[in-house]
Every structure is written in C-alpha cells, then in structure tokens.
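All remarks here apply to the structure that follows.
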Amino acid sequence: AFVKEISEEKCWTVNLAMHPMVTIRNIKRGAYLHLDPKENTVTCDELIPWGDDAVLSITFFDYKDAVVQGAYGIQNCEGNFLASNGECKAQPDESCMFILEFHGGVISFKSAQTGKYLTCLGASGLAKATKAAVGQDEQFQLENSYPQITLRAANNLLVSTKQGIEIAASMGDSTTELEDFQIGRASCRERV
C-alpha cells in the first residue's frame, strides 16, 4: 500500500476457491444470467435461476493455455464460452477471457481483449462487454447453484408440476422447467 504505481510484480492472480458451477446475478437488474439457446447468447432476464440454462461455470484458464494469465471464462450449460461481443463460442479464444475485478462483495468481468466491462443491454439483458467503467450494471454476484434434477417414474414418464401445485408422472421425454426439481438442504428440524 506504499507504492503509487502498479508494476507487474505487484499484481496477483486470483484462483477462486469455490464450486465452478454458479448462478450469476446482476446487481442493478436483480436478475440472473442464463443461456438463450435460440440466439446462442447469454441474457440477464431470469428472476429465479431455474433450469440448466441458468447454471454457468466459471473456468480458470491455466497459464500454459491462456493468452492472458489469470483470466476466467463464463461457460454455459452447452459447454460454450461467452465472448466479449455477446456470442457464445465452442472453443475459447482471447475474446472469451475475462479478468475478475473485486468491488466489495461483488465482482465485474473485464474483457482481456477489449478492456471493456461485461454489462447487460436492452430488455433481454444481452451480456456483452461494452462499458469502459464499472457501475451497478457491470457488477455481479456469484451464488451457489443448487443441484436440479428431473425424475422419471416407473411408468417411464417424467414427473412434472404442469398441473399446478400437484406433481404427477405425466410427461413424455421433452422437458421444460416444470420438470426440474431442486435438491435443497433440509434443516435439522425437518429431518427429525
């Protein structure tokens, strides 16, 4: 804290010590990033991170593999990486590498290629690195992603809540978010 200029030997590489599969909430919108499979993009318009489309992996690029040392990638449920221009790529390149910046209890993603920060644009909240400075639009919170499963009954049909609050094994092979169930932690009182 006594130097006035940052030199290379003063910089640190942060390797997160958390489960890589997370949900990512935008601070300003209060919504979560998720895959839009039709557009092959990541958007920020899901108020509850439900379904596999909302589970993202934070991938650390090893020194030997990375163009930029200490960079991270945001990988969607289909295995593709978010690029700074908003598209998702099967093979990560420099446009898919982000430097994490910590701002109190939240983070921002700075593109290693452009130096711009990831933000959420428009009504759908397209995730794209376009901002030169960090505001609430460019701040995100990483949250644990609790496991979600689908259940198949003995009659070979999927269990669903499509009928409302009751669950029934009535769906064929196509799944929607109505056939996803979350595995949560039970409290000691609930287990007794």
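- Residues meeting the side-chain hydrogen bond (donor to acceptor under 3.5 Å, both in side chains) test with Tyr32, sequence neighbours left out: Glu143.
- For the pair Leu82 and Phe109, the minimum side-chain heavy-atom distance is 4.5 Å or more.
- What you find for Ala127 and Leu118 is that their closest heavy atoms are C-CD1, 3.8 Å.
- Taking all atoms of both residues into account, the shortest heavy-atom contact from Asn40 to Cys88 is ND2-O, 3.0 Å.
- Residues Val42 and Leu121 do not share a hydrophobic cluster, defined by chaining ILVMFWY side chains whose heavy atoms lie under 4.5 Å apart.
- Not counting sequence neighbours, the partners of Lys89 by the salt bridge (Lys or Arg N to Asp or Glu O under 4.0 Å) test are Asp93.
- Here the shortest heavy-atom pairing between Glu46 and Ala54 reads OE1-CB, 3.2 Å.
- No continuous path of hydrophobic side-chain contacts links Leu47 to Trp50 [ILVMFWY only; heavy atoms under 4.5 Å].
- Without hydrogens or angle criteria, Asn26 side chain to Asp137 main chain gives a donor-acceptor distance under 3.5 Å.
- The side-chain heavy atoms of His34 and Asp45, taken from C-beta on, include a pair separated by under 4.5 Å.
- Minimum interatomic distance between His103 and Ser108 (heavy atoms only, all atoms of both residues): NE2-OG, 3.0 Å.
- With contacts defined as side-chain heavy-atom distances shorter than 4.5 Å, the pair Pro37/Asn76 does not qualify.
- Within the 4.5 Å cutoff, side-chain heavy atoms of Ile58 are placed close to those of Ile74.
- Nearest heavy-atom pair across Ser124 and Thr43 is O-CB, 3.2 Å.
- Side chain of Thr114 to main chain of Lys116: a donor-acceptor pair is present (N/O by atom type, distance under 3.5 Å, no hydrogens or angles).
- Note that CD of Glu87 and NZ of Lys128 are 9.5 Å apart. Values are rounded to the nearest 0.5 Å.
- Rounding to the nearest 0.5 angstrom, the gap separating the CE atom in Met21 from the CG atom in Asn144 is 12.0 Å.
- Note on Ile107 and Ile27: separate hydrophobic clusters, where clusters join Ile, Leu, Val, Met, Phe, Trp and Tyr whose side-chain heavy atoms are under 4.5 Å apart, directly or indirectly.
- Considering only heavy atoms from C-beta on, Thr59 stays 4.5 Å or farther from Tyr72 through its side chain.
- In this structure, the separation between OG1 on Thr130 and CG on Asn85 is 11.5 Å, given to the nearest 0.5 Å.
- Using cut-offs of 30° and 60° for the angle between ring planes, the Phe81 and Phe61 rings count as tilted.
- Atom CD of Gln139 and atom CZ of Arg29 lie 14.5 Å apart (nearest 0.5 Å).
- A continuous path of Ile, Leu, Val, Met, Phe, Trp and Tyr side chains, each step under 4.5 Å between heavy atoms, connects Phe140 with Val22, placing both in one hydrophobic cluster.
- Remark: the backbone N or O of Thr41 is not paired with any side-chain donor or acceptor of Asp36 at under 3.5 angstrom.
- With a 4.5 Å cut-off on side-chain heavy atoms, Leu56 and Thr23 do not count as touching.
- When the side chains of ILVMFWY residues are joined at heavy-atom separations under 4.5 Å, either directly or via intervening members, Phe98 and Leu100 end up in a single hydrophobic cluster.
- Considering every non-hydrogen atom in both Cys77 and Asp52, the closest pair reads CB-O, 3.2 Å.
- Put simply, the side chain of Ser111 gets close to the backbone of Gln113: a donor and an acceptor are under 3.5 Å apart.
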